[in-house]
Amino acid sequence: MGNPWIAIGALALVGLLIPVGMMAISKLLRPSVPEQGKRSTYESGEIPTGDTRIRFNIQYYMVALLFLIFDIETVLIFPWTVIYRSALENGVGLTRILGPMLVFIGILVVGLGWAWRNGAVKWVRSPRAEKRKDAR
């Protein structure tokens, strides 16, 4: 049998040639009918209004990042909870079981405190909501 890198190279070559070949063939065979309607934004049959570029509040991204961090924390804590009882039954000391997990949770609490202090978990009101509040 030959070198395994030859098979990997052949697979990579086929993996590149098939999509590139399909795009090239479709570019050659498709009809080209340029018109203004094809260049406009399609919004479910509605006439588009306004600019397509809108600014999102950075808080959406911060909340998503914090959710990911604490979601991963849950994924990492779950296996520890599963083996906790069997480790105690096998005679492993309580500090040896709880120590690493408490350090892990402590690091996460410090990170949450840092994010809180820097305003990452504080929801910012929009200027429009502030104007309505002042108008009352």
Side-chain angles (χ1 to χ4, degrees):
M1 195 157 152
N3 191 348
W5 288 104
I6 294 174
I8 293 172
L11 182 64
L13 187 64
V14 169
L16 287 174
L17 286 179
I18 288 176
V20 170
M22 293 171 89
M23 288 189 293
I25 290 172
S26 69
K27 185 164 177 79
L28 292 172
L29 297 178
R30 72 173 179 226
S32 177
V33 183
E35 63 178 76
Q36 191 62 25
K38 290 182 178 180
R39 295 176 188 229
S40 67
T41 307
Y42 180 73
E43 294 182 8
S44 302
E46 298 292 322
I47 298 172
T49 58
D51 192 16
T52 57
R53 303 243 181 219
I54 57 174
R55 289 183 163 206
F56 285 102
N57 191 345
I58 190 70
Q59 289 301 122
Y60 292 116
Y61 300 109
M62 295 304 293
V63 168
L65 286 174
L66 287 172
F67 173 77
L68 283 176
I69 289 170
F70 289 104
D71 191 39
I72 291 170
E73 167 203 1
T74 305
V75 169
L76 293 175
I77 288 176
F78 182 72
W80 175 80
T81 59
V82 171
I83 65 168
Y84 175 75
R85 179 174 288 173
S86 64
L88 278 178
E89 289 171 355
N90 289 333
V92 179
L94 190 63
T95 55
R96 191 163 179 206
I97 294 172
L98 288 178
M101 188 50 60
L102 290 176
V103 169
F104 177 70
I105 292 174
I107 291 170
L108 287 171
V109 168
V110 168
L112 179 62
W114 178 84
W116 199 318
R117 190 183 80 217
N118 287 326
V121 294
K122 179 182 171 189
W123 196 257
V124 180
R125 296 188 122 199
S126 68
R128 194 176 346 160
E130 291 295 325
K131 286 180 186 177
R132 276 192 244 140
K133 184 179 174 185
D134 293 339
R136 291 182 192 171

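The figures here come from the full heavy-atom set of this structure, side chains too, leaving out hydrogens, waters and symmetry mates.
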Q: Would you kindly confirm whether Leu65 and Val63 end up in one hydrophobic cluster when ILVMFWY residues are joined by side chain heavy atoms under 4.5 Å apart?
A: no
Q. Leu98 versus Trp80: any side-chain heavy-atom pair under 4.5 Å?
A. yes
**Q.** Linked, directly or transitively: Leu17 and Val20 (ILVMFWY side chains, under 4.5 Å)
**A.** no
Q | Minimal non-hydrogen separation, Ile97 against Ala87, with atom names | A | CD1-CB, 3.7 Å
Q) With hydrophobic residues grouped by side-chain heavy-atom distances under 4.5 Å, do Ile77 and Ile83 end up in a single group? A) no
Q) Looking only at atom types and distance, does a side-chain atom of Asn3 sit under 3.5 Å from a main-chain N or O of Trp5, one as donor and one as acceptor? A) yes
(Q) As an exercise, state the distance from CG of Leu16 to CG of Leu11, rounded to the nearest 0.5 Å. (A) 9.5 Å
Q. Atom CD of Glu73 and atom CG of Leu66: how far apart are they, to the nearest 0.5 Å?
A. 11.5 Å
Q) Between Leu94 and Val92, is there a shared hydrophobic cluster once you connect ILVMFWY residues whose side-chain heavy atoms come closer than 4.5 Å? A) yes
Q: Hey, could you give me the CD1/CG distance between Ile25 and Leu28, rounded to the nearest 0.5 Å?
A: 8.0 Å
(Q) Just verifying a value: how many Å separate Leu13 CG and Ile18 CD1, rounded to the nearest 0.5 Å? (A) 10.0 Å
Q | pair Phe104-Ile107: side-chain heavy atoms closer than 4.5 Å | A | no
**Q.** Sub-4.5 Å side-chain heavy-atom contact between Leu108 and Ile69
**A.** yes
